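Report on the structure given below.
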Amino acid sequence: MHGETVQAKIEVQLKISNRKFNDDLKNKSSDEYINFELDFKSEMNRVYKDVPGYREVVITDLRPGSIEVDHEVIIEAKIMNNVSAIDQTVQNLAEVVQQQLVILNSTQQNCTDNPDNSTFCFTAPPNPILNTSAAFSPEALWVILPLLPSFHWIVTSSSFPDYCKQNINPKYAANYYPNITNGILSCISNCSDNSPHRINCNNGVCRISERGAQCNCNDLSMFWYTDNFCRTRIHKGEVGLGIGLSVVLLVSVVLAIFLFKAKRKKPELSWDDDTRIWCEDQEEMEWVLNKGLTIMNEAASSSDERLERNKAFQPSLETVNTSIELQFPKPTVKTYHTPQLAPYPENVYGDS
């Protein structure tokens with residue numbers, strides 16, 4: 001039973017801690033991206049040189065923090081014409097790649113995070129392998145497919161799902177399923193670009209977690225997102241400004257209402273008010289004219305303030321009988337004599 005040379009792809013994630021992500025790295029045609037790609041491939045060629053059949057690396061995604069790099073390790077491997085050999089060969093290659101990354105982590109302890117450092121400072125996460133796949137040429141497929149009951153069996157049989165479980169981290173394996181497109185066998189998830197059930201994360205990135213495929217929204221320090229697919233986002237700074245303006249507007253409206261009510265309740269003086277004020281004092285006062293009219297006010301005010309306000313008092317004479325003759329006694333003059341005091345003696349104490 002002869003074998004066929006196939007192209008295996010191991011998708012890996014790494015972090016470069018001594019470089020900062022910028023917008024130029026989003027443009028694959030920019031000088032910044034091209035220079036970065038050349039430096040990265042040169043470093044990775046030294047890392048993966050001991051992997052059997054290693055050919056190159058291909059960058060698939062760059063993200064902030066400091067720079068996170070998703071890349072494919074391209075390996076050419078000879079696989080025998082049986083399904084179980086495909087599983088075992090790709091699994092072995094993934095293990096070799098992961099071993100190289102463990103070695104890489106151990107050599108980075110003395111790496112400085114100084115951006116001026118000409119070399120990259122790499123950090124591999126505990127589970128750096130994101131995905132594995134094997135690409136078959138059309139000739140190889142014609143050799144392998146006759147060994148299977150049907151082409152549809154590739155997707156639904158127990159062998160190929162086992163292939164995904166064996167080559168994907170057990171925490172995430174349940175979210176992957178086998179797929180063959182244009183002669184390429186791969187394990188895909190709902191985050192994969194070629195998945196018919198791919199999740200659109202809009203302003204975010206789709207990532208597989210233990211709970212399944214989910215969207216990690218970008219720039220969470222600057223935006224709030226209203227849904228789980230990062231569709232609608234609200235700038236935090238604009239919300240803060242809007243809340244501040246709303247508070248100012250609310251306070252202004254409340255103050256205006258209080259001032260309006262206070263103005264409407266302001267008292268106005270009337271004849272009844274003046275009469276009531278004139279009679280507030282509790283001290284009883286009486287004016288008596290001998291053999292004539294008696295005028296009494298039982299609560300005449302003696303306060304200077306109230307007297308000032310009582311100047312507006314105007315008694316009504318409508319009920320006074322003006323035909324009555326008033327008689328006033330003739331005033332008499334009384335003379336008081338001041339007693340004479342004796343002179344003060346000069347020598348009271350008998351001084352000579």
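For clarity, every value in this text was computed on a predicted model and none was experimentally measured. In what follows, every heavy atom counts, from backbone to side chain, and hydrogens, waters and symmetry copies are set aside.
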SG-SG distance C230 to C201 under 2.5 Å: no

Pairwise side-chain contact, Q7 with I75, heavy-atom cut-off 4.5 Å (strictly under): no

Residues, nucleotides or ligands: over 12 heavy atoms within 6.0 Å of K41 NZ: yes

Side chains of I16 and C121 in contact at under 4.5 Å (non-hydrogen atoms): no

All ring pair (Phe, Tyr, Trp, His ring centres under 6.0 Å) counterparts of Y33, not counting sequence neighbours: none

Within 45° cone and under 6.0 Å: R233 NZ/CZ vs Y225 ring: no

Side-chain heavy atoms of E32 within contact of N27, under 4.5 Å: no

L62 side chain reached by I67 side chain, heavy atoms, under 4.5 Å: yes

Test item: L255 and V253 side chains (from C-beta on) under 4.5 Å apart, heavy atoms: no

Y177 vs S189, side-chain hydrogen bond (donor to acceptor under 3.5 Å, both in side chains): CA-CA, chis, key distance, verdict: CA-CA 6 Å; Y177 48 91; S189 69; over 6 Å; no

Non-hydrogen side-chain atoms of V248 and S252 separated by less than 4.5 Å: yes

For Y48, side-chain hydrogen bond (donor to acceptor under 3.5 Å, both in side chains) partners two or more places apart: H71

Euclidean distance, D227 CG relative to C215 SG, rounded to 0.5 Å: 8.5 Å

Passing candidate, side-chain contact (heavy atoms from CB on, under 4.5 Å) with E11, options I129, V97, V58, L130: L130

Co-membership, hydrophobic cluster, residues V205 and L25, 4.5 Å side-chain: no

Check: N105 side chain, A124 main-chain N or O, donor-acceptor pair, under 3.5 Å: yes

Gap separating the CG atom of D39 from the CZ atom of R19, nearest 0.5 angstrom: 7.5 Å

Side chain to side chain, L101 and F122, heavy atoms closer than 4.5 Å: no

Between N45 and Y54, a side-chain donor and acceptor under 3.5 Å: yes

Check: A213 main-chain N/O paired with N190 side-chain donor or acceptor under 3.5 Å: no

With sequence neighbours excluded, residues passing salt bridge (Lys or Arg N to Asp or Glu O under 4.0 Å) with R207: D61, D70

Co-membership, hydrophobic cluster, residues V57 and V47, 4.5 Å side-chain: yes

Minimum-distance pair of heavy atoms, taken over all atoms of P125 and Q13: CD-O, 3.4 Å

Note: E68-K15 ion pair, threshold 4.0 Å (strictly below): no

Whether D219 side chain and F223 backbone form a donor-acceptor pair below 3.5 Å: no

Set of ring pair (Phe, Tyr, Trp, His ring centres under 6.0 Å) partners for F36, sequence neighbours left out: F120

Cluster check V73, V96: I/L/V/M/F/W/Y, side chain < 4.5 angstrom: yes

Distance, nearest 0.5 Å, that separates NZ of K9 from CG of L93: 14.5 Å

Check: G212 main-chain N/O paired with S209 side-chain donor or acceptor under 3.5 Å: yes

Validation row: M44, K49 side chains within 4.5 angstrom (heavy atoms): no

Joint cluster assignment, V51 & L14, ILVMFWY side-chain distance < 4.5 Å: yes

Exam field: side chain T232 to backbone T226, donor-acceptor pair closer than 3.5 Å: no

Sequence-distant partners of Y172, ring pair (Phe, Tyr, Trp, His ring centres under 6.0 Å), two or more places apart: none

Rounded distance (nearest 0.5 Å) linking atom CG of N35 with atom CG of D24: 11.0 Å

Same apolar cluster: I74 and V69, side chain cutoff 4.5 Å: no

Salt bridge (Lys or Arg N to Asp or Glu O under 4.0 Å) partners for E72, two or more places apart: none

